[in-house]
Protein chains: 2
Amino acid sequence: MKTVSIRDIARHLNLSITTVSRALDGYPDVSNRTRVRILETAAEMGYVPNQAARQLRRRKTDAIGYVLSSSHARFNDPTIADTLSGLADEAAVHGVDLIVSIAPPDSDQESAIFKRLSRSQKVDGVILGRIRKEDWRVQFLHDEAMPFVAFARSNDAVDYPALEGSYEYMLPRIITHLKSEGYQRLAFIGGDSDSVFHINRLEGFKEGLEANQLAYYPELVFTGNYASSAGYETTLQLLKNQPRPDAIVCISDETAFGVLHALREKKVKAGSEIGVTGFGGTAESTYSDPPLTTVDIPIYQLARQAVATLMSVIRKKKEIVIPEVPEPVLVIRQSSIIGAT
Amino acid sequence: MKTVSIRDIARHLNLSITTVSRALDGYPDVSNRTRVRILETAAEMGYVPNQAARQLRRRKTDAIGYVLSSSHARFNDPTIADTLSGLADEAAVHGVDLIVSIAPPDSDQESAIFKRLSRSQKVDGVILGRIRKEDWRVQFLHDEAMPFVAFARSNDAVDYPALEGSYEYMLPRIITHLKSEGYQRLAFIGGDSDSVFHINRLEGFKEGLEANQLAYYPELVFTGNYASSAGYETTLQLLKNQPRPDAIVCISDETAFGVLHALREKKVKAGSEIGVTGFGGTAESTYSDPPLTTVDIPIYQLARQAVATLMSVIRKKKEIVIPEVPEPVLVIRQSSIIGAT
DNA sequence: TTGTTTTTCCAAAACGTTTTGGCTTTGCAA
DNA sequence: TTGCAAAGCCAAAACGTTTTGGAAAAACAA
C-alpha cells in the first residue's frame with residue numbers, strides 16, 4: 001500500500017510528470033535515453049498506475065460487467081463455471097477487469113445494478129446472459145448508449161450484437177435421431193417460459209417433430225428451471241398418466257439427470273423404455289447411468305467470443321464482426337438407444 | 001452516458017458543489033430545506049456519483065477481488081457457482097463490487113494479477129480460495145498490507161483471518177459410519193497434493209482410521225483433481241489389483257461420481273460390494289445411482305462469511321470476529337450401505 | 001550568418017469528487 | 001448596544017493521472 005506515483009518518479013529523476021507519463025505511454029516525443037531511464041526507475045520503484053486517476057482522466061474504466069441471474073446460480077448451473085472462465089480469460093486478454101454481480105431476473109435489484117453500472121461509469125460495457133423474450137435490459141442499455149453483447153437475441157426492436165447461443169437448430173437433429181431409434185411420442189422439459197433459450201429450443205423441438213412427421217403433444221411440454229429438480233418432478237408426474245411418452249427431450253443436462261433419477265426410482269429403463277436427451281454436454285453426462293445423449297455446447301468459447309465482440313464494440317472498431325461460434329456436436333449415448341441394456 | 005455531475009446540480013440550484021456534496025453525504029451542516037432541494041433535483045436529474053473520482057479522492061475502491069484458479073474452473077467444479085453467488089450476494093450487501101479474475105495456481109499470470117490488484121489499487125481487499133500448503137499469496141498480501149481472508153489456513157508464518165473451510169473433522173465421522181456398516185479396507189481419492197483441503201482431509205482420513213482401529217493402506221491413497229475423471233480413472237486402476245478396497249472415500253462429490261461410473265462399468269455394485277462417499281453435498285448427489293453418501297457443506301454461507309469478514313477487516317473494525325461457520329451434515333445414502341440393492 | 005524544422009521537454013488544465021478551513025449570517029445573552 | 005455561539009454555506013486544495021499547447025534547444029538549410 002506504500003504506493004508510488006508518477007510524481008515520485010518525476011521527482012526522483014528531475015523530470016516533469018508530463019514526460020514520465022508520456023514515456024510510460026510510449027509517445028514518440030521523449031528521447032530514448034530518458035525513456036529508458038524512466039522505464040527502469042519505474043520498474044525499480046514498483047510503479048503501477050493508479051486506476052482511479054487514470055479512469056477519471058481517460059473517461060473509461062477498462063472493466064466490463066456480467067450479471068448472473070441468481071435463480072441460475074443457486075441451482076448450481078454447470079454452465080456458470082465455463083461461462084465465467086471464458087469471460088475472465090478473454091477479459092484478461094484485452095486487459096480489462098470483469099465485475100460480477102448477481103440478481104434475480106426482472107427484480108428491483110437487477111434494475112438497480114444496471115443503473116449503477118451504467119451511470120456511475122463502473123464499466124465500459126456489459127455482457128448479457130439469460131436473455132428474455134422481451135428484455136428490458138437491452139432497451140435500457142441501448143438508451144444509455146452503453147455497449148453490450150448478448151448470448152442470444154431478444155425480441156426487442158433494437159439492433160445489437162448477439163451471439164446465436166441457443167442452438168435451436170440442434171433440436172431437429174435430436175429428434176431425427178430419436179425417430180430413427182423408433183421413439184415416437186416425445187415430451188419436452190424446458191426452462192422458464194420467457195427465456196429466449198426456452199422459446200427457441202421449444203420452437204426447434206416443434207420444427208423437428210414436423211420435419212420428422214411426428215405428432216406434437218402440447219400436454220407433454222413443460223417448463224422448468226434448468227436444474228435436476230424440474231426433471232425429477234416432471235417425470236414423476238409424467239409417469240402417472242397414460243399414455244406415457246416414450247422419449248423425453250430436456251433443455252439441459254441437469255434436467256435430464258433428474259429425469260434419469262426419476263425413471264430409475266420407478267424402475268423404468270432409460271433408453272430401452274423411455275429415451276432421454278440432455279443439452280449442454282457437461283462432463284457428468286459421460287458418467288450418468290446410463291450415459292446421456294446430449295448436445296455438446298462450446299460454452300467456454302462462446303463466452304470468450306462474447307467478450308471479444310464486446311471489446312470491438314467498445315473500442316469502436318469500424319464494423320463489428322460477430323465471430324463464428326463453433327459448431328455444437330450431437331453426442332449419442334445409451335440414454336437414447338432403444339437396444340441399450 | 002449523458003452523465004450528470006455534482007457540479008450540474010450545484011449550478012442548477014445556485015449552490016456550491018461543496019454544499020451539494022455534503023448534503024448528499026448527509027453531513028449535518030446543511031439546512032433541511034436545501035438538503036431536500038438537493039436530494040430532489042439529484043434524483044430528478046438522475047445523478048449517480050462517478051466512481052473513479054470518488055475512489056481517487058477517498059483512496060478506496062469499494063471493490064474486492066477473487067481469483068479463480070483456472071484448473072478449478074475448467075473441470076466444472078460445482079462449488080464455483082455457490083461460491084460466486086455467495087461472494088456476489090454478500091458483496092452487494094456491503095455495497096462493494098466483486099472483481100473476478102482467473103489464473104492457474106502458482107503461475108506467472110497469477111502473480112501478475114495479484115500485483116496489479118494490490119498496487120494499482122483496484123480493490124480494497126481479496127478473498128483467497130484454494131489455499132496451498134505454502135501459499136505465496138498470503139505472504140505477498142501480508143507484505144503489501146492488503147487486507148485478505150482465506151477459505152482455509154495455510155502453513156505460512158503469518159497471522160491472518162481464515163475460515164475453517166476444509167472440514168477435516170468430518171472425515172472421522174464418515175469412517176465411523178463406514179466401519180459401522182462393516183467396511184474395513186478403505187481407499188482415499190484426494191485432490192492436488194499441495195492444497196490444504198487435500199492435506200487436511202487426508203489427515204482427517206488417517207485420524208478416522210486410527211480412531212476406528214482400521215488399518216491404513218498407503219497404496220490406497222491417491223491424489224486427484226476434484227473432478228469425475230480422477231475418480232473414474234483411479235477406480236479402474238484400483239479394480240485391477242487384489243485385494244481390492246471395500247470402500248472408497250472421495251474428496252469431492254464429482255470424484256465420487258467418477259468412481260460410481262467406473263464401478264457400474266465394471267459391474268461392481270456400489271454400496272453392497274464397494275462403499276463410496278463424496279464430499280460437498282452437490283444437488284446431483286441426490287440423483288446419482290445409487291444416491292451418494294456425502295457431507296453437505298454450506299459453501300454459499302461460507303462464501304458470504306468470507307466477504308463479511310473481509311469487510312470488517314477493511315473497515316477496521318476493532319476486532320475481527322470470524323463468524324461461526326454452519327455445521328456440515330453427513331448425509332447417508334445408499335452408496336455406503338452394504339445392505340443396499 | 002539567419003531562418004526553419006525537429007527534437008525534447010514542460011506548465012497548467014482537466015477529469016469529478018471529498019475535505020479543510022474558513023466566512024457570513026442569524027439568534028441569543030448580557 | 002456588544003459579544004458570542006451556532007447554523008449554513010463556500011472557495012480552494014487535493015487525489016494521480018492524461019492531454020493541450022507551447023517553449024527551449026538542437027539540428028539543419030539557406
Side-chain angles (χ1 to χ4, degrees), chain A residues 1-39 41-42 45-63 95 97 116 118-124, chain B residues 1-39 41-42 45-63 95 97 116 118-124:
Chain A
M1 297 287 249
K2 28 114 210 221
T3 189
V4 10
S5 83
I6 214 174
R7 166 169 284 109
D8 297 323
I9 303 179
R11 207 155 24 212
H12 193 265
L13 291 177
N14 248 324
L15 287 169
S16 76
I17 60 172
T18 308
T19 308
V20 176
S21 171
R22 311 211 102 214
L24 292 173
D25 266 11
Y27 282 75
D29 65 351
V30 32
S31 80
N32 248 322
R33 239 166 46 84
T34 39
R35 176 191 310 286
V36 170
R37 285 206 304 150
I38 289 174
L39 290 181
T41 46
M45 296 174 76
Y47 169 76
V48 179
N50 177 299
Q51 288 303 307
R54 172 172 280 181
Q55 283 173 31
L56 178 57
R57 179 60 229 218
R58 285 194 177 159
R59 338 203 77 235
K60 56 182 196 127
T61 64
D62 285 328
D97 284 325
R116 258 171 38 99
S118 112
R119 292 223 243 272
S120 71
Q121 293 145 280
K122 292 178 103 56
V123 297
D124 296 333
Chain B
M1 299 285 248
K2 28 108 207 232
T3 190
V4 12
S5 84
I6 214 174
R7 167 170 280 110
D8 298 323
I9 303 180
R11 207 154 26 213
H12 193 266
L13 293 177
N14 250 324
L15 289 169
S16 78
I17 59 173
T18 307
T19 307
V20 176
S21 171
R22 310 209 104 216
L24 292 173
D25 266 11
Y27 280 74
D29 64 350
V30 30
S31 80
N32 249 321
R33 239 165 49 81
T34 38
R35 179 192 307 286
V36 170
R37 285 207 304 150
I38 289 174
L39 289 181
T41 46
M45 296 173 78
Y47 169 75
V48 179
N50 177 300
Q51 286 305 308
R54 171 172 282 181
Q55 283 173 30
L56 178 57
R57 179 61 229 216
R58 285 193 178 159
R59 335 202 80 237
K60 56 179 197 133
T61 64
D62 285 326
D97 284 324
R116 257 171 40 98
S118 115
R119 292 225 241 271
S120 71
Q121 293 145 279
K122 293 178 103 61
V123 297
D124 296 332

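Naming convention: chains lettered A, B, ... in sequence-line order (proteins, then strands); numbering from 1 in each chain. Below, each value reflects all heavy atoms present in this structure, side chains not excepted, and no hydrogens, waters or symmetry copies.
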Taking all non-hydrogen atoms of both residues into account, name the closest pair between [X] and [Y] and its distance.
X      : Y     : result
B:S120 : A:V48 : CB-CG1, 3.2 Å
B:V30  : B:A23 : CG1-CA, 3.9 Å
B:V4   : B:Y47 : O-CD1, 3.2 Å

Separation of atom [atom1] in [X] from atom [atom2] in [N], rounded to whole Å:
X      : N      : atom1 : atom2 : result
A:N50  : D:dG16 : CG    : C1'   : 6 Å
B:R119 : D:dT17 : CZ    : C1'   : 19 Å
A:Q55  : D:dT18 : CD    : C1'   : 14 Å
A:R58  : D:dT20 : CZ    : C1'   : 16 Å
A:R11  : C:dC10 : CZ    : P     : 14 Å
A:I17  : D:dC15 : CD1   : P     : 12 Å
B:L15  : C:dT18 : CG    : C1'   : 17 Å
A:L13  : C:dC10 : CG    : P     : 10 Å

Atom pairs under 3.5 Å: protein N/O with N/O of nucleotides 22-27 of chain D:
none

For residues 51-60 of chain A, which side-chain N or O atoms pair as donor and acceptor with protein atoms under 3.5 Å away, sequence neighbours left out?
{"residue": "A:Q51", "atom": "OE1", "partner": "B:K122", "partner atom": "NZ", "Å": "3.4"}
{"residue": "A:R58", "atom": "NH2", "partner": "A:D25", "partner atom": "OD2", "Å": "3.4"}
{"residue": "A:K60", "atom": "NZ", "partner": "A:D62", "partner atom": "OD1", "Å": "3.4"}

Nucleotide nearest B:A53 (side chain, heavy atoms from C-beta), chosen from C:dT17, C:dT19, D:dT19:
C:dT17
Counting side-chain heavy atoms from C-beta on, which of D:dT19, D:dT18, C:dC15 comes nearest to A:Y27?
D:dT19
Among residues 18-26 of chain A, which contact DNA chain D at a heavy-atom distance under 4.0 Å?
A:T18, A:S21, A:R22, A:D25
Report the residue (B:R35 or B:R57) whose heavy-atom-nearest nucleotide on DNA chain D is the more 5′ of the two.
B:R35
Closest nucleotide of DNA chain D for A:S5 versus for B:S31: which of these residues is on the 5' side?
B:S31
What distance do [X] atom [atom1] and [Y] atom [atom2] have between them, rounded to the nearest 0.5 Å?
X     : Y      : atom1 : atom2 : result
B:D97 : A:R116 : CG    : CZ    : 5.5 Å
B:I6  : B:L15  : CD1   : CG    : 11.0 Å
B:T3  : B:M45  : OG1   : CE    : 10.5 Å
B:T19 : B:L13  : OG1   : CG    : 10.5 Å

The criterion is side chain to side chain contact (heavy atoms under 4.5 Å, CB included); which residues satisfy it with A:S5, sequence neighbours excluded?
A:R7, A:D8
Reference residue A:R37; test side chain to side chain contact (heavy atoms under 4.5 Å, CB included); the match among A:T41, A:T34, A:L39
A:T34
Name all residues meeting the side-chain hydrogen bond (donor to acceptor under 3.5 Å, both in side chains) criterion together with B:R35; count only those two or more places apart in sequence or in a different chain, and write none if there are none.
none
Looking at five pairs on each end of the helix from C:dT1-D:dA30 to C:dA30-D:dT1, what is the angle between the two axes, given to 10 degrees?
60°
Output yes when a side-chain donor or acceptor of A:S21 lies under 3.5 Å from a complementary backbone atom of A:I17, and no otherwise.
no
Looking only at side-chain N and O atoms, does A:R59 come under 4.0 Å of OP1 or OP2 in D:dT17?
no
Just N and O in the side chain of B:T34: are any of them under 4.0 Å from OP1 or OP2 of D:dG8?
no
